[in-house]
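Here is the structure we will look at, set down as C-alpha cells.
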Amino acid sequence: MKLILFGPPGAGKGTQAKLLIEKLKLPHISTGDILRSEVKNNTGLGKQAKGFMDAGKLVPDALVTEMVRKRMQEPDLKNGFILDGYPRTEAQAKALDDILKGGIDKAIYLSTSERVVVQRLTGRRVCPKCGTNYHLTNMPPKKDMLCDKCQVGLFQRPDDNEATVKNRLSVYLKECSAVLDFYKKQGKLEDVSGDLDSGEVFKIISEKILAL
Ligand code: AP5
C-alpha cells in the first residue's frame with residue numbers, strides 16, 4: 001500500500017505515521033526527517049536546504065523531488081510505504097505520480113485548525129535518538145524531559161518557535177489547496193480531523209479508512 005499523510009505542520013503526520021508503521025509493517029518516509037539528517041551531516045543538500053527550513057519556507061521542488069526519486073528506488077519500498085511531508089506542492093504531486101507510474105493508493109488529509117497547530121508545535125519536544133515526538137502538556141514523557149524509551153534528553157526543533165510556525169503555516173495554506181484538488185480529482189483523498197485526540201485519529205484511519 002502506498003499511503004500519503006498530508007496536512008499542516010503539527011497536524012500529527014509524524015505521530016500517525018509512527019503508529020501506522022507498527023500496524024502495516026511498512027517503511028515510513030518523512031521528507032522533513034531526511035532533510036534534517038542532511039542538515040545535521042552538513043551534506044551538499046543539507047547546506048542548500050538549511051536556510052529554507054530555518055525560515056519555515058519550502059525547500060525548492062527540484063531538490064526535494066530528486067531526494068524522493070532516489071529514496072523510491074530503494075528495495076525496502078517494494079510492498080509500499082507511508083510518505084509524510086511530500087508532496088507539498090502541485091508540482092511535487094505530479095512528480096510523485098511520474099516517479100511511481102501507477103501513483104499512490106490513498107492520501108490521508110489531517111485537517112487541523114491554526115490554534116491547535118501553534119499549541120502543538122510550540123510544545124513539541126523530540127527524542128534526538130529515536131525521533132519520538134512528545135508534547136509538554138498533550139503527551140509528556142514519564143520523567144524529567146527524558147525519552148521514555150532511550151532515556152536521553154528531549155530537544156525542541158529550531159523551526160518550532162512561534163514566528164517560524166506561523167510562517168510554515170502560511171506557506172502551507174498557500175500551496176495546500178492545489179495538492180488537495182489533485183488527489184480529490186483522482187478520488188484518493190480521505191479527510192480526517194487532525195484536531196482530535198491522536199488515539200481517535202488513529203482509530204478512524206485504521207478502521208474506517210484502511211479497514212485494518
Ligand atoms: P516537516 O518535518 O515535514 O514538518 P511539518 O510538515 O511542518 O510537520 P511537522 O513535523 O512539524 O508536524 P507533524 O504533522 O508531523 O506533527 P507531529 O506528529 O510531529 O518539514 C520541516 C521542513 O522541511 C519544512 O518546513 C520545509 O522547509 C522542509 N520540507 C519538508 N518536506 C518538504 C517538501 N516536500 N517540499 C519542500 N520542503 C520540504 O505532532 C506535532 C506535536 O503535536 C507533537 O508534539 C505531538 O506529540 C503532538 N500531537 C500530534 N498529534 C496529536 C493529537 N492528535 N493530539 C494532541 N497532540 C498531538
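Sequential numbering from 1 along the given sequence is applied to the chain's residues. Predicted model only: the values in this text are computed from it and were never measured. Just so you know, ligand 1 is whichever comes first in the structure, and atom 1 is the first atom listed for that ligand.
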Q.
Pairs of nitrogen or oxygen atoms closer than 3.5 Å, one from V59 and one from ligand 1: do any exist?
A. yes
Q: Could you say whether the N/O atoms of G7 and ligand 1 ever approach to under 3.5 Å?
A: no
(Q) Under 3.5 Å between any N/O of P9 and any N/O of ligand 1: does that happen in this structure? (A) no
Q. Against heavy atoms of R36, which atoms of ligand 1 measure under 4.0 Å?
A. 2 (O), 21 (C)
Q. What atoms of ligand 1 come closer than 4.0 angstrom to any heavy atom of L196?
A. 52 (C), 53 (N), 54 (N)
Q: Specify the closest pair of heavy atoms between V59 and L35, including all atoms of both residues, with the distance to one decimal.
A: CG2-CD1, 4.0 Å
Q) Is any N or O atom of G12, backbone or side chain, closer than 3.5 Å to an N or O atom of ligand 1? A) yes
Q. Atom 12 (O) of ligand 1: which protein heavy atom is closest, and how many Å away?
A. G10 N, 2.9 Å
Q | Backbone or side-chain N or O of R125 under 3.5 Å from ligand 1 N or O | A | no
Q) Given T15, which of N133, V201, L110 fulfils the side chain to side chain contact (heavy atoms under 4.5 Å, CB included) condition? A) N133
Q) Going by the atom numbers of ligand 1, which of them fall below 4.0 Å from some non-hydrogen atom of N138? A) 55 (C), 56 (N)
Q. Heavy-atom contacts under 4.0 Å between Q16 and ligand 1: side chain, backbone, both, or neither?
A. neither
Q. Any idea which of R168, M139, E200 brings a heavy atom closest to atom 57 (C) of ligand 1?
A. M139
(Q) Less than 3.5 Å apart, any donor N or O on the side chain of Q156 or N161 sitting next to an acceptor on the other? (A) no
**Q.** Protein contact of atom 54 (N) of ligand 1 - nearest heavy atom, named by residue and atom, plus distance
**A.** R120 NH2, 3.3 Å
Q) When you check the gap from the basic side-chain N to the acidic O, do K203 and E200 get nearer than 4.0 Å? A) no
Q) Do any N/O atoms on G14 end up under 3.5 angstrom from N/O atoms on ligand 1? A) yes
Q: May I ask you to identify, for Y134, whether its side chain, its backbone, both or neither come under 4.0 Å of ligand 1 on a heavy-atom basis?
A: backbone
Q: Would you tell me whether T43 and E38 have side-chain atoms, one donor and one acceptor, within less than 3.5 Å of each other?
A: yes
Q: Output yes when the distance from some N or O of ligand 1 to some N or O of V201 is under 3.5 Å, and no in every other case.
A: no
Q: Would you check if there is a donor-acceptor pair between the side chains of K18 and T132 at a distance under 3.5 Å?
A: no
Q: Measure the distance from atom 4 (O) of ligand 1 to every protein heavy atom, then report the residue, atom name and distance (to 0.1 Å) of the closest one.
A: R157 NH2, 3.3 Å
Q) Considering only heavy atoms of T15, which atoms of ligand 1 have at least one such atom less than 4.0 Å away? A) 17 (P), 18 (O), 39 (O), 45 (C), 49 (C)
Q.
Regarding D159 and T164, do their side chains bring together a donor and an acceptor under 3.5 Å, going by distance alone?
A. no
Q: Take atom NZ of K23 as the centre, draw a 6.0 Å sphere, and report whether it contains more than 12 heavy atoms from other residues, nucleotides or ligands.
A: yes
Q. Ligand 1 versus D195, non-hydrogen atoms closer than 4.0 Å: side chain, backbone, both, neither?
A. neither
(Q) Could you check whether R168 pairs with D160 (Lys NZ or Arg NE/NH1/NH2 to Asp/Glu carboxylate O, under 4.0 Å)? (A) yes
Q) Which one of V64, T31, L35 has a non-hydrogen atom at the shortest distance from atom 29 (N) of ligand 1? A) L35
Q: Under 4.0 Å from a heavy atom of Y86: give me the atoms of ligand 1 that qualify, with their elements.
A: 34 (N)
Q) What about S198: any of its N or O atoms under 3.5 Å from an N or O on ligand 1? A) yes
Q | Part of D197 within contact of ligand 1 (heavy atoms, under 4.0 Å) | A | backbone
Q. Atoms of ligand 1 less than 4.0 Å from G85 heavy atoms?
A. 31 (N), 32 (C), 33 (C), 34 (N)
Q.
salt bridge (charged side-chain N to carboxylate O under 4.0 Å, His left out), that's the test. Do K184 and D191 meet it? Break it down for me.
A. CA-CA 10 Å; K184 206 181 279 171; D191 199 326; over 6 Å; no
Q: Determine, stepwise, if the pair R36 / D33 fulfils salt bridge (charged side-chain N to carboxylate O under 4.0 Å, His left out).
A: CA-CA 5 Å; R36 277 184 288 281; D33 285 350; 2.8 Å; yes
Q. Is the count of non-hydrogen atoms from other residues, nucleotides or ligands lying under 6.0 Å from K50 atom NZ greater than 12?
A. no
Q) Could you walk me through whether R88 and E175 pass the salt bridge (charged side-chain N to carboxylate O under 4.0 Å, His left out) check? A) CA-CA 7 Å; R88 271 173 147 95; E175 303 285 353; over 6 Å; no
Q: Look only at interatomic distance and state if D160 has a nitrogen or oxygen under 3.5 Å from any nitrogen or oxygen of ligand 1.
A: no
Q | N/O separation below 3.5 Å, S30 to ligand 1 | A | no
Q | Proximity winner for atom 1 (P) of ligand 1, if only heavy atoms of M53, H135, K50, R88 are counted | A | R88
Q. So which protein heavy atom does atom 26 (C) of ligand 1 come closest to, and at what separation?
A. K57 O, 3.5 Å
Q) Is it the case that S30 and Y86 place a side-chain donor and acceptor less than 3.5 Å from each other? A) no
